[in-house]
Amino acid sequence: EDREALRESLSVFCMAIICHEFGGRRYSSPLLSFCAMHSVRPFTKTWKEAGNYNSFLSGLIWVVQLIIFHASVSLEKAGHGDTLDLIKGY
């Protein structure tokens, strides 16, 4: 029971991070800020080359898609709509 409540809370938290926007600017989100900071080499304070950053972005996009799918399926199971319609809403 506690584990299920924790799982639900983490799902809500992840979706909040994915969908959150700062100050009404469309692409200003905590997740986007994290990606931008991840693109800088900490020791040299220079940008990473695009080829060295693509696998990180691909992995992040894949995980975000899984989180959105999981949240949508959970909402459908709870009777809050159809999975595909919910996914389109994100």
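- Val12 belongs to no hydrophobic cluster, as no Ile, Leu, Val, Met, Phe, Trp or Tyr side chain comes under 4.5 Å of its own.
- Separation of atoms CZ (Arg7) and OG (Ser74) is listed at 9.0 Å; rounding is to 0.5 Å.
- Atom-to-atom distance recorded for Cys14:SG and Ile68:CD1 is 10.5 Å, nearest 0.5 angstrom.
- Judged as a side-chain hydrogen bond (donor to acceptor under 3.5 Å, both in side chains), and not counting sequence neighbours, the contacts of Thr46 are Arg41, Thr44.
- Grouping Ile, Leu, Val, Met, Phe, Trp and Tyr by side-chain contacts under 4.5 Å, direct or through others, puts Leu6 with Leu10.
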